[in-house]
Novice: 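Sharing a structure with you now.
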Number of protein chains: 4
Amino acid sequence: MPEQGTGSPPHRKAAIRRCAESVFAQKGFDRASIRDVAKAVEMSLAGLYYYYKSKEAILFDIQRKAFETLLDLHAEALAGVRDPEEKLRVVISGHVTYFADNLDEMKVLSRESETLTGEFTEPIGELKRRYVRLVKGIVTELGNDKGVRVSPNAALILFGMMNWMYTWYDPARSGSAQTIADHIFAIFTRGVLRQT
Amino acid sequence: MPEQGTGSPPHRKAAIRRCAESVFAQKGFDRASIRDVAKAVEMSLAGLYYYYKSKEAILFDIQRKAFETLLDLHAEALAGVRDPEEKLRVVISGHVTYFADNLDEMKVLSRESETLTGEFTEPIGELKRRYVRLVKGIVTELGNDKGVRVSPNAALILFGMMNWMYTWYDPARSGSAQTIADHIFAIFTRGVLRQT
Amino acid sequence: MPEQGTGSPPHRKAAIRRCAESVFAQKGFDRASIRDVAKAVEMSLAGLYYYYKSKEAILFDIQRKAFETLLDLHAEALAGVRDPEEKLRVVISGHVTYFADNLDEMKVLSRESETLTGEFTEPIGELKRRYVRLVKGIVTELGNDKGVRVSPNAALILFGMMNWMYTWYDPARSGSAQTIADHIFAIFTRGVLRQT
Amino acid sequence: MPEQGTGSPPHRKAAIRRCAESVFAQKGFDRASIRDVAKAVEMSLAGLYYYYKSKEAILFDIQRKAFETLLDLHAEALAGVRDPEEKLRVVISGHVTYFADNLDEMKVLSRESETLTGEFTEPIGELKRRYVRLVKGIVTELGNDKGVRVSPNAALILFGMMNWMYTWYDPARSGSAQTIADHIFAIFTRGVLRQT
DNA sequence: AATGAATGAGTATTCATTCAT
DNA sequence: GATGAATGAATACTCATTCAT
């Protein structure tokens with residue numbers, strides 16, 4: 001899946017990141033070699049190192065970009081939304097459709113969530129915590145709104161419903177991402193909010 | 001995490017498997033070297049190969065044993081149970097508590113679900129399909145019982161709630177496994193069965 | 001036997017080949033390790049793999065180059081020769097003196113004639129068949145010229161006389177290669193052509 | 001090619017030797033593992049070491065037995081023979097037919113002629129020298145008889161004709177061993193003895 | 001901005017051999 | 001006589017990375 005481009009500098013790094021997403025998604029970060037990535041980008045091995053200082057730096061960039069995009073996307077979609085239920089719908093919908101539209105990113109994000117080490121751990125950890133805090137906050141708010149005390153595990157269980165998709169989601173057979181998002185939203189809200 | 005034991009032959013293979021679970025859980029299958037496993041078992045590198053013909057064969061054994069144990073465990077727990085709702089409760093409870101009691105196995109099973117290749121792929125694939133079929137069957141049965149048409153994605157979403165646990169479950173902080181199982185059961189049944 | 005040279009890229013692969021000839025000749029292909037070759041070339045282990053994709057690929061290259069050189073050498077030497085007896089003299093002489101001048105190649109070619117596997121087998125097999133065909137053709141032609149029916153084994157026996165040299169030929173003690181070539185030519189022609 | 005036997009001790013060692021001949025002939029001494037031999041004998045790996053102290057010891061035994069058998073065989077066949085020409089015929093015939101009847105031994109003897117090391121080198125070297133001396137002696141005697149000065153290389157060239165057979169002899173296609181022996185005898189005697 | 005060439009450290013695996021039983 | 005279990009040393013090969021150009 002080599003990337004064509006104008007060749008202008010700023011695009012090359014993104015091209016590498018996109019190719020690497022695909023390669024890491026297919027083989028897994030550890031099994032994929034930097035040579036595989038170079039082949040996919042149609043660039044020399046050494047050439048990659050002009051743009052990224054290490055293999056892990058590429059993974060870092062993939063994860064950072066994914067989290068930042070998701071956070072931006074939610075920030076925009078949530079602007080002006082007041083109703084906590086609506087907020088949750090918006091966030092689930094954004095998460096699920098983004099994942100469905102960016103399958104490789106989704107795989108890499110979900111599967112390699114504990115792969116980064118050293119200097120790379122913390123910045124991604126921070127993004128991840130911000131992301132979880134956002135969702136947990138909405139869930140709590142929604143509980144308060146409905147007069148239900150919600151377990152701190154609830155949001156994590158919700159993430160499970162969404163993130164596990166990387167193991168089974170198939171655009172050709174699983175239905176539309178929006179349908180799945182609605183489904184997950186329905187299960188979660190009914191399940192968490194209604195008392196038996 | 002060396003294994004203590006009588007050293008009698010039949011135990012050695014199981015000891016290797018258990019140590020490997022721990023090593024693979026901590027470092028990931030690909031990053032873990034066979035040397036790491038050997039060190040954990042306190043056995044020589046070559047000694048391992050007397051029991052397992054390859055690194056992948058160990059992973060295979062871990063996965064096979066885990067699926068077989070889960071299937072056996074469910075078969076036993078389901079014996080005599082007629083009510084579909086009760087069946088689901090039993091299965092979720094079995095799955096979640098088994099995972100919580102066997103954190104390493106859970107991690108390896110969830111994280112390395114697509115790692116096996118070649119001759120090892122199919123037997124595990126077959127076990128996995130049997131397992132999914134079991135849960136899907138119960139979910140469908142439950143839907144019929146309640147007069148609700150359940151999406152084929154529902155069971156996969158349920159697996160997400162349970163399997164994603166490997167990323168967040170901490171025995172010291174997440175509450176008892178049984179509580180989590182009840183929680184997931186509640187979310188799922190209420191969410192899936194109640195019409196809005 | 002490290003290679004001296006300008007170090008310019010095109011020479012490196014040939015340098016590796018020559019060192020490997022020497023190493024394989026001394027220890028035998030199987031007993032020689034790629035480390036031995038690397039040491040002989042004064043290059044790192046991994047460096048070799050930049051030029052050759054496997055140990056067998058080096059052996060392949062040695063054998064290919066030897067057969068191609070011999071075939072070229074014969075083609076040139078036979079140009080313009082009509083007399084079958086003269087042709088045979090030329091070929092025997094070329095084969096024996098080439099072997100004597102390239103003792104390592106000779107050893108590797110004779111000793112490792114059945115060592116190559118997989119993708120490497122066929123191309124060398126083809127060269128070998130061409131070579132045998134050339135000699136068999138000349139022997140048959142010579143027989144026809146003298147009105148003698150020559151057994152198909154004759155050429156193989158001739159190859160035996162020449163190729164077995166690798167077990168006994170010692171430049172310091174066996175006499176000149178040309179003398180040996182004359183000797184073999186004499187034995188073969190007299191022996192095969194004269195009726196008792 | 002497992003060996004059946006009465007199980008009585010003296011036979012086991014011979015059985016191992018025969019199986020090893022077959023294994024070494026097929027894969028070459030270096031590529032064949034002691035495990036391959038054990039499998040062929042249908043004996044445990046460790047069991048072999050009761051009979052042979054090392055892999056090389058088996059090769060040694062194969063070579064020793066082959067040379068001793070050949071020497072015995074020649075001694076018997078030469079008893080009472082006076083005519084040098086007849087002596088040579090007898091020796092060539094014995095060598096070639098023995099090789100044809102014991103293809104595996106022939107391969108191992110010819111191919112692994114320089115494989116033995118250490119304590120094993122000398123005893124086999126001594127047998128080899130005795131064998132070469134025998135043939136060289138007959139050739140010289142024959143030359144004297146016919147009034148021809150024979151080069152010391154002649155016998156080595158003769159060995160080449162015979163020993164190279166291991167690369168081409170096929171019982172199904174190469175004709176009878178006796179015919180080949182006659183052929184080699186004819187080529188050698190005519191070629192070496194007749195003056196042009 | 002990009003690359004050919006090179007390498008040190010590491011990988012899974014195999015091997016001949018041993019030894020307690 | 002024979003074996004199951006075990007091991008130290010080696011093997012071919014791969015990898016992320018660097019550097020002179």
Side-chain angles (χ1 to χ4, degrees), chain A residues 7-10 12-13 16 29-38 41-58, chain B residues 7-13 16 29-38 41-58, chain C residues 7-10 12-13 29-38 41-58, chain D residues 7-10 12-13 16 29-38 41-58:
Chain A
S8 79
R12 300 289 278 170
K13 195 165 180 180
I16 294 170
F29 178 77
D30 288 305
R31 257 196 286 286
S33 79
I34 230 44
R35 277 162 171 87
D36 294 329
V37 177
V41 204
E42 284 183 329
M43 182 185 275
S44 79
L45 193 48
L48 284 192
Y49 281 85
Y50 179 79
Y51 296 97
Y52 285 102
K53 76 170 189 191
S54 72
K55 188 187 175 191
E56 225 178 340
I58 306 181
Chain B
S8 80
H11 298 106
R12 301 290 294 203
K13 196 168 180 178
I16 294 170
F29 178 75
D30 288 305
R31 252 188 300 284
S33 81
I34 219 77
R35 275 168 170 86
D36 293 330
V37 177
V41 202
E42 284 184 327
M43 181 184 276
S44 77
L45 190 49
L48 282 193
Y49 282 87
Y50 183 77
Y51 294 97
Y52 284 102
K53 75 171 186 188
S54 69
K55 189 186 173 190
E56 225 178 340
I58 306 181
Chain C
S8 79
R12 302 291 294 207
K13 196 166 181 181
F29 178 76
D30 288 304
R31 252 187 300 283
S33 82
I34 218 80
R35 274 169 171 85
D36 294 330
V37 176
V41 202
E42 285 184 326
M43 182 186 274
S44 79
L45 189 50
L48 281 194
Y49 283 88
Y50 183 78
Y51 295 97
Y52 284 102
K53 75 172 187 189
S54 69
K55 189 186 173 191
E56 225 177 340
I58 306 182
Chain D
S8 79
R12 299 290 277 170
K13 195 166 180 179
I16 294 170
F29 178 76
D30 289 305
R31 256 197 285 288
S33 79
I34 222 68
R35 276 163 170 89
D36 294 329
V37 176
V41 204
E42 283 183 330
M43 182 185 276
S44 79
L45 194 50
L48 284 192
Y49 281 85
Y50 179 79
Y51 295 99
Y52 284 102
K53 75 171 189 187
S54 72
K55 190 187 174 190
E56 226 178 339
I58 306 181

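Quick note on labels: first sequence line is chain A, next is B, and so on, each numbered from 1.
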Novice: Run through DNA chain F and report every stem of 3 or more consecutive Watson-Crick or G-U pairs, distances under 3.5 Å, ordered by first number.
Specialist: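 Consecutive-pair runs (3 or more) involving DNA chain F: E:2-21 with F:2-21.
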Novice: Looking at B:Y50, I'd like to know whether one of its side-chain N or O atoms comes within less than 4.0 Å of OP1 or OP2 on F:dA6.
Specialist: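 So the side-chain polar atoms of B:Y50 never come under 4.0 Å of the phosphate oxygens OP1 or OP2 of F:dA6.
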Novice: Each nucleotide in nucleotides 16-21 of chain F should get exactly one letter: B, S or -. Can you fill that in based on protein heavy atoms under 4.0 Å?
Specialist: BBBB--
Novice: F:dA10 P sits how many Å from C:D36 CG, rounded?
Specialist: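 C:D36 atom CG is separated from F:dA10 atom P by 11 Å.
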Novice: Rounding to a whole Å, what distance do you find between B:Y51:OH and E:dT14:C1'?
Specialist: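 The answer, rounded to whole Å, is 18 Å.
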Novice: In whole angstrom, what separates C:L48's CG from F:dT14's P?
Specialist: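 Atom-to-atom, C:L48 to F:dT14, this comes out as 13 Å.
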Novice: Rounded to the nearest 0.5 Å, what's the gap from CG on A:D30 to CZ on B:R31? Could you check?
Specialist: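 Separation between the atoms: 4.0 Å.
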Novice: Could you report the tightest heavy-atom contact between B:Y51 and B:K13, atom names first, then the distance?
Specialist: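 Nearest heavy atoms, B:Y51 then B:K13: O-CE, 3.6 Å.
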Novice: To the nearest angstrom, how far is A:I16 atom CD1 from E:dA1 atom C1'?
Specialist: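 So the CD1-C1' distance, A:I16 to E:dA1, works out to 11 Å.
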Novice: Between atom CZ of D:F29 and atom CD of D:E56, what is the distance when rounded to the nearest 0.5 Å?
Specialist: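 So the gap between those two atoms works out to 5.5 Å.
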Novice: Calculate, to the nearest 0.5 Å, the distance between atoms CG and CZ belonging to D:L45 and D:R35 respectively.
Specialist: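 Nearest 0.5 Å value for the CG-CZ distance: 5.0 Å.
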Novice: Nearest 0.5 Å please: distance from the CG atom of B:L48 over to the CD1 atom of B:I16.
Specialist: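 So the gap between those two atoms works out to 5.0 Å.
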Novice: Using a cut-off of strictly less than 4.0 Å, decide whether B:R12 has a side-chain nitrogen or oxygen near OP1 or OP2 of F:dA6.
Specialist: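 Yes, B:R12 has a side-chain N/O under 4.0 Å of OP1/OP2 on F:dA6.
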Novice: What closest approach, in Å, do B:M43 and B:G47 show between heavy atoms, and which atom pair accounts for it?
Specialist: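 Nearest heavy atoms, B:M43 then B:G47: SD-C, 3.5 Å.
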Novice: Measure the distance from CZ on B:R31 to C1' on E:dG10 and round it to the nearest whole Å.
Specialist: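 Answer to the nearest Å: 15 Å.
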Novice: Could you say whether C:M43 or A:S44 is positioned toward the 5' end of DNA chain E, judged by the nucleotide with the nearest heavy atom to each?
Specialist: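 The answer here is A:S44.
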